[in-house]
Each structure stands twice: as structure tokens, then as C-alpha cells.
Engineer: 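Handing you this structure, nothing more for now.
Ligands are counted one by one from 1 in listed order, and the atoms in each one are counted from 1 as well.
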Amino acid sequence: MTAIKKIGVYTSGGDAPGMNAAIRAVVRTGIYMGKEMVGIMQGYQGMMEKNFIDMGARSVCNIIQKGGTVLKTARCMEFRTPEGRKLAYENLKEKGIDALVAIGGDGTFTGAELLSKEYNIPVIGIPGTIDNDLSGTDYTIGYDTANNTVIEAIDKIRDTAASHDRLFFVEVMGRDSGCIALQAGIAGGAEAVLLPEKDTGIDDLIGKLEQGVDCNKTSSIVIIAEGDKNGGAYNVAKHVKEKLGDSFDIKVTILGHLQRGGSPTSFDRVLASRMGYAAVNALLVGETRKMTGLKGNEIVLTNLEIAINHSEFKLEEDLLEMSHVLTI
Ligand code: ATP
């Protein structure tokens, strides 16, 4: 094993609050350890275009509190091809980058794993995605901030729902993962939560809403993950209206991209700092193709191929049951 001299760091896939805190931790840990650090702009796109910037400790000043990513992010189709990855590797080699820290989600790690295997370049992944859908960590960076953003919005919606006696369907992010929806449902006291992982029919939902009316509820909030099998909040609202007519005053709110933005919470900043520090240290002791994760309160490493295997990820059914009990 040759000693690592120059580490490249990049963010890729969807942006998540706390990515900047992770970049800062990676860069400063690397500098502290005597390594040269390079920021790769726009993830794999930057590898194709030699969009590299040399970074020092001061390059990452004043970013720990910022949402988004100063290294930018992009979706890069070319990198999915063997030819694209060959070009990426040649450009990394020309720049002298001999190890990588990849900050992103499962797509980012799939690409990192392939590049590392094909060209024997060490890589450590840091989970930066609001979806919290990776195995090997209890929390991904950005998830806590997104939950707080969602709950702030739901509290505001509840004010108007209660004032007008309305039924609100609120759609939150989560194409394949109901983590945000479930968390928002519990913390926001939602009457029902619809998730991609669970088939909840419209009749079940209506039963729950009517039960609420029987218990003298005058307004209700239903949280729907965007990947719910009924087809999102507008479709659910349409089906409920078809069956119930005007007995409920129904409104729909799609929270959309505002869930990705904003200043990271203290939790996400600390998590990102711990993971960035751990990622560089892992590289320097010869680890590769692993992802940093938080299990309990310990930072652990998990093989990338396990981390990206969604079948290992399980939604906490007991929380769903609890949410049901607490909203009678
Ligand atoms: P998020 O969970 O926020 O969507 P992500 O990392 O999963 O983040 P993707 O867009 O799926 O986001 O992936 C980011 C980039 O990783 C892609 O644009 C592509 O360049 C690369 N990538 C994804 N899948 C593959 C693959 N199968 N092979 C090679 N590269 C890939």
C-alpha cells in the first residue's frame, strides 16, 4: 500500500444540509494530517471536466452553518459508463489525487464503488442525503435538518387548518423512503401517514378520518411521502373527495425543495464533523470502499455495497403503530 498524499473530496446527488460541515471536516482533518486536499466541483461531472480546486484550512471558513454545498453537485450520466469512469480516473491521476472522500447518497456510492474497484483508488463514503435511506447508519447528514424544516411548515399549516376546520394533505420528500413522513407525522401529530413502504388504501384512510370526526376532531393533517403508492398528495385528495364529497374542506400542500435547504441543525453539524474526521482517518489507516455511519453514539464503518443495499434498511413499524395510537 502506498502512502496517500493527496485526497479529493466531492459532493454528489441531491444536496443536503450539513454537506458543507462535512467538507470542512474532511479538508481540515486532511490538512492536519499533512495531506494535500483538493475539492472536486460538481461531483463526477467535475472529474470529467478537471474542475479541481486546491483547498487549505481557510478555504472552508464560514461554511459550517450554510445549507447546500460549496463544492456544488450534479447528476452525471457519463460517469455511469466505463469510458466515463476511465476519463475520470485519468483526470484524477493527472492531478495527483490518490484517494477520495465521496459525500452523497446511494447513487454516489455506487459510482464510487465502481471507480474504486476498476482503478484501485481508495474511497470512503459519507452519507449526505435527507432521505435517511442507507444501511449502516442510524442517521444520514441532512435528515435531522429536513425533519425540522418539515415540522416548522406543518405547525404553520396546523394553525390555518384549525382556524378553518380543514383537512390538509401535506406531501413531503421520500420517493422510496418514508422516514421523513413518519418523523413528521409523529412530531406534527398528523392524523395519518402514508408511506412508500406500506400500502394504505384510500378506504383505510377515510376510516381513520371519519374516526377522527367521531372523536370531535374538526381539522386534520395527513402526511404523504411523495413515493406513496396512491400517487402523491393531489391524487389522494382527489380520491378522498370523490368518496366523501364536500364533507371535508380539503387542501393540498406540497413542501417540495424547501425541505432540502436551510442552515443545518446542531445535530447535523456535529454528525457531519464526526463523519468527515472519521472518513479521512479511515483512509489513512488503509480502509477503502466503506461508508462512515452513526450506530448508537458510535461512528462505525460499513462496506459500501451493504450501505447501498436498500433491502437491509427497515422502516420502524413500531413507530407507525405508536403514531396511530397517539392520534386517536
Ligand atoms: P440522493 O439520495 O440525494 O438522490 P444520490 O447519490 O443517490 O443522492 P444519484 O443522482 O442517484 O444521487 O447519484 C449521483 C451520481 O452518482 C449520478 O449522477 C451518477 O454520476 C453517479 N451514479 C449513480 N448511479 C451510478 C451507477 N450505477 N454507476 C455509476 N455511477 C452512478
Engineer: If you measure every N/O of Thr108 against every N/O of ligand 1, is any gap under 3.5 Å?
Structural biologist: yes

Engineer: Could you check whether atom OH of Tyr119 has more than 12 heavy atoms from other residues, nucleotides or ligands sitting under 6.0 Å from it?
Structural biologist: yes

Engineer: What protein heavy atom sits nearest atom 23 (C) of ligand 1, and how far away is it?
Structural biologist: Gly107 O, 3.2 Å

Engineer: Number the atoms of ligand 1 from 1 as they appear, then name those within less than 4.0 Å of a heavy atom of Phe79, with their elements.
Structural biologist: 20 (O), 29 (C), 30 (N)

Engineer: Quick one: which of Ile130, Thr11, Leu114 has a heavy atom closest to atom 28 (N) of ligand 1?
Structural biologist: Leu114

Engineer: Write out the residue and atom name of the closest protein heavy atom to atom 8 (O) of ligand 1, then the distance separating them to 0.1 Å.
Structural biologist: Gly14 N, 3.5 Å

Engineer: Are the side chain of Lys5 and the backbone of Gly96 linked by a donor-acceptor contact shorter than 3.5 Å?
Structural biologist: no

Engineer: Look at the rings of Tyr139 and Phe267 and say which category their plane angle falls in: under 30° parallel, 30 to 60° tilted, over 60° perpendicular.
Structural biologist: perpendicular

Engineer: Under 4.0 Å from a heavy atom of Thr110: give me the atoms of ligand 1 that qualify, with their elements.
Structural biologist: 26 (C), 27 (N)

Engineer: Near Gly13, which atoms of ligand 1 are under 4.0 Å from a heavy atom of that residue?
Structural biologist: 5 (P), 6 (O), 8 (O), 12 (O), 14 (C)

Engineer: For ligand 1, indicate whether the residue Thr129 contacts it via side chain, backbone, both or neither (heavy-atom separation under 4.0 Å).
Structural biologist: side chain

Engineer: I need the nearest protein heavy-atom contact for atom 25 (C) of ligand 1: residue, atom name and distance, please.
Structural biologist: Arg80 NH1, 3.7 Å

Engineer: Do Asp131 and Arg175 sit within salt-bridge range, that is, some charged N less than 4.0 Å from a carboxylate O?
Structural biologist: no

Engineer: Hey, are Lys241 and Asp246 close enough for a salt bridge, meaning a charged N less than 4.0 Å from a carboxylate O?
Structural biologist: yes

Engineer: Atom 17 (C) of ligand 1: which protein heavy atom is closest, and how many Å away?
Structural biologist: Cys76 N, 4.0 Å

Engineer: Can an N or O of Gly105 be found at a distance shorter than 3.5 Å from an N or O of ligand 1?
Structural biologist: yes

Engineer: Enumerate the atoms of ligand 1 whose separation from the nearest heavy atom of Arg75 is less than 4.0 angstrom.
Structural biologist: 4 (O), 9 (P), 10 (O), 12 (O), 18 (O)

Engineer: Among all protein heavy atoms, pick out the one at the shortest distance from atom 14 (C) of ligand 1; state its residue, atom name and that distance to 0.1 Å.
Structural biologist: Ser12 OG, 3.4 Å

Engineer: Linking I/L/V/M/F/W/Y whenever their side-chain heavy atoms sit closer than 4.5 Å, directly or via other members, would Val170 and Val150 fall into one cluster?
Structural biologist: yes

Engineer: Tell me the salt bridge (charged side-chain N to carboxylate O under 4.0 Å, His left out) pairs involving residues 109-128, sequence neighbours left out?
Structural biologist: Arg85-Glu118, Glu113-Lys117, Lys117-Glu305

Engineer: Is the closest N or O pair between Arg175 and ligand 1 shorter than 3.5 Å?
Structural biologist: no

Engineer: Return yes when atom CD of Glu242 has more than 12 non-hydrogen atoms of other residues, nucleotides or ligands closer than 6.0 Å, and no otherwise.
Structural biologist: yes

Engineer: State whether Asp54 and Lys95 are salt-bridged, where the test is any N-O pair (Lys NZ or Arg NE/NH1/NH2 against Asp/Glu carboxylate O) under 4.0 Å.
Structural biologist: yes

